[in-house]
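No experiment lies behind these values; they were computed from the predicted model shown. These numbers come from the heavy atoms of this one structure, side chains and all, not from hydrogens, waters or symmetry mates.
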Amino acid sequence: MHLDISRYLYFMVTLMLYTAIIIANISLVAVICMNRSLHEPMYMFLCSLLVNELYGSTGLFPFLLIQILSDVHSISVIFCYLQIFCLYSYAYLELYNLAIMSYDRYLAICSPLQYNSHMTHKVIMLVTVIWLFAFVRCFINTCINMHLTLCGNHINSLYCQNYHIMKLACSDTKLNNISGLLGLLPAIVLPMLSILYSYMKILKICFAGSKQMRQRTVNTCAPHLASLLNFSFGCLFEMLLSRFDASSLPSISRNLISLYFGILQPLMNPIMFGMQMSKLRKAVIVFCLTLKCKVF
């Protein structure tokens with residue numbers, strides 16, 4: 001009886017979190033799309049980021065909700081690989097979107113006169129490139145992993161991951177390791193270098209500028225930096241949890257740490273960007289008031 005109550009409680013909490021993520025992200029995407037004054041590169045990149053939050057949470061939550069109510073926690077091999085594809089492409093896209101947003105802020109702050117000519121006509125191209133690259137990269141990796149011969153069927157995780165699949169493999173994994181190493185440079189190193197370069201240039205301008213400029217820069221970059229740090233911590237926690245023995249931790253703690261990656265980022269991004277960016281905040285308030293008038 002106690003187990004059933006706990007199960008339904010976890011289900012309701014998870015469902016409410018998923019619903020909040022969907023409402024928050026869709027609302028901001030709708031506001032950006034419908035408001036012509038927000039059709040600027042900064043908000044278009046933010047829109048891409050928010051769509052990715054919807055994509056990533058949809059790759060995690062529906063399966064998680066089913067597993068909470070299920071007596072047997074199992075998943076087919078095909079759906080396991082599908083979840084790996086969704087979650088890994090989500091992670092890549094998150095990093096790529098944050099990298100592009102940092103470069104966008106660098107141009108807006110350091111080269112304001114050339115900003116429109118540099119970015120306005122490149123938004124669609126940049127967004128299309130990062131989405132295609134992430135999907136192709138993860139599709140190739142998933143196809144390579146699907147050729148592995150698995151000698152086990154137990155994954156000690158709330159969701160499927162490449163690392164756990166590799167641990168179950170009893171066939172040669174050299175091709176998988178080579179593919180992973182070759183993909184490391186374009187997938188992680190280059191976006192991180194782009195982010196570091198952008199913020200080094202921004203800091204240089206800030207130290208040389210006035211107090212008012214520093215304050216404006218902090219207000220502009222704060223939600224992006226918070227999102228980047230939150231995402232980095234989430235990835236770090238997940239890597240440490242999967243690669244080191246965490247059996248000494250209580251199961252509820254292990255589950256919360258594991259879900260940090262998939263819950264806080266999609267939930268915090270629309271809240272942080274929606275509250276911190278004044279132009280977007282005003283548009284959201286107007287949208288909510290208009291919606292309230294139509295309902296009542």
Side-chain angles (χ1 to χ4, degrees), residues 3-26 29 49-95 131 134-135 137-146 148 150 152-169 176 230-231 234-235 237-243 246 249-270:
L3 182 62
D4 287 338
I5 293 173
S6 299
R7 181 186 297 180
Y8 290 124
L9 178 61
Y10 293 147
F11 177 84
M12 290 305 299
V13 170
T14 307
L15 181 61
M16 284 190 290
L17 285 170
Y18 184 39
T19 304
I21 288 170
I22 290 174
I23 292 172
N25 285 281
I26 286 181
V29 170
L49 183 73
L50 298 174
V51 170
N52 187 48
E53 306 301 355
L54 290 168
Y55 167 67
S57 57
T58 303
L60 173 65
F61 278 94
F63 171 75
L64 189 61
L65 288 167
I66 292 170
Q67 291 297 309
I68 290 173
L69 293 181
S70 177
D71 292 321
V72 179
H73 304 302
S74 62
I75 184 172
S76 68
V77 175
I78 295 297
F79 277 108
C80 185
Y81 282 121
L82 179 62
Q83 188 175 56
I84 288 173
F85 174 83
C86 290
L87 293 180
Y88 278 72
S89 57
Y90 159 74
Y92 286 138
L93 281 166
E94 195 76 5
L95 185 58
W131 279 80
F135 284 149
R137 171 86 177 88
C138 290
F139 180 75
I140 292 171
N141 270 8
T142 305
C143 288
I144 293 172
N145 287 346
M146 288 179 73
L148 290 173
L150 303 181
N153 59 3
H154 178 71
I155 296 176
N156 189 24
S157 176
L158 287 175
Y159 47 85
C160 295
Q161 299 177 51
N162 270 336
Y163 180 74
H164 293 297
I165 295 294
M166 297 280 282
K167 284 175 69 176
L168 294 176
N176 304 73
N230 184 58
F231 176 68
C235 292
F237 290 158
E238 184 52 46
M239 284 191 290
L240 292 175
L241 193 66
S242 61
R243 281 159 177 77
L249 289 174
S251 59
I252 185 69
S253 299
R254 291 200 305 271
N255 291 340
L256 287 174
I257 293 172
S258 184
L259 290 174
Y260 179 101
F261 169 79
I263 292 178
L264 278 190
Q265 190 74 2
L267 193 59
M268 283 181 62
N269 273 346

Asks: Please report the shortest heavy-atom distance between Phe63 and Gln83, naming the atom on each side.
Replies: CD2-NE2, 3.3 Å

Asks: With rounding to the nearest 0.5 Å, note down the distance linking CD1 in Ile68 to CZ in Arg7.
Replies: 10.0 Å

Asks: Does some side-chain heavy atom of Met146 sit less than 4.5 Å from a side-chain heavy atom of Val77?
Replies: no

Asks: How about Tyr10 and Val13: do any of their side-chain heavy atoms sit closer than 4.5 Å?
Replies: no

Asks: Could you check Leu93 against Trp131 for side chain to side chain contact (heavy atoms under 4.5 Å, CB included), going step by step and ending with a plain yes or no?
Replies: CA-CA 7 Å; Leu93 281 166; Trp131 279 80; 3.5 Å; yes

Asks: Check the side chains of Glu53 and Asn269 for a donor-acceptor pair under 3.5 angstrom, ignoring hydrogens and angles.
Replies: yes

Asks: Closest heavy-atom contact between Pro270 and Pro266?
Replies: CD-O, 3.1 Å

Asks: Ile21 and Ser57: which non-hydrogen atoms are nearest, and at how many Å?
Replies: CG2-OG, 3.7 Å

Asks: Phe231 versus Leu264: any side-chain heavy-atom pair under 4.5 Å?
Replies: no

Asks: Which heavy atom in Ser89 sits nearest to a heavy atom in Cys86, and how many Å separate them?
Replies: OG-O, 3.0 Å

Asks: Which distance, rounded to the nearest 0.5 Å, do you find between the CE of Met12 and the OG1 of Thr19?
Replies: 8.5 Å

Asks: Taking the side chain as C-beta and beyond, is there a heavy-atom pair between Glu94 and Leu49 under 4.5 Å?
Replies: yes

Asks: Once the angle between the rings of Tyr55 and Phe135 is folded into 0 to 90°, is it parallel (under 30°), tilted (30 to 60°) or perpendicular (over 60°)?
Replies: perpendicular

Asks: Compare all side-chain heavy atoms of Leu95 with those of Cys235 and state whether any distance is below 4.5 angstrom.
Replies: no

Asks: I want to check something: taking the side chain as every heavy atom from C-beta on, are Leu60 and Leu259 in contact at a cut-off of under 4.5 Å?
Replies: yes

Asks: CG/Asn145 to CD1/Ile140 distance, rounded to the nearest 0.5 angstrom?
Replies: 12.0 Å

Asks: To the nearest 0.5 Å, how far apart are CG in Leu17 and CD1 in Ile22?
Replies: 11.5 Å

Asks: Mind listing the closest non-hydrogen atom pair of Gly56 and Leu87 along with its distance?
Replies: O-CD2, 3.9 Å

Asks: To the nearest 0.5 angstrom, please state how far the CG atom of Leu158 sits from the CD atom of Gln67.
Replies: 9.5 Å

Asks: OG1/Thr142 to OH/Tyr81 distance, rounded to the nearest 0.5 angstrom?
Replies: 9.0 Å

Asks: Given 3.5 Å as the limit, does a donor-acceptor pair link the side chain of Ser70 with the main chain of Ile66, or not?
Replies: no

Asks: Can you classify the ring geometry of Phe61 versus Tyr18 as parallel (below 30°), tilted (30 to 60°) or perpendicular (above 60°)?
Replies: parallel

Asks: Provide the closest heavy-atom pair for Tyr88 versus Asn162 in the form atom of the first, atom of the second, distance.
Replies: OH-N, 3.1 Å

Asks: Are any non-hydrogen side-chain atoms of Asn230 and Tyr260 less than 4.5 angstrom apart?
Replies: yes

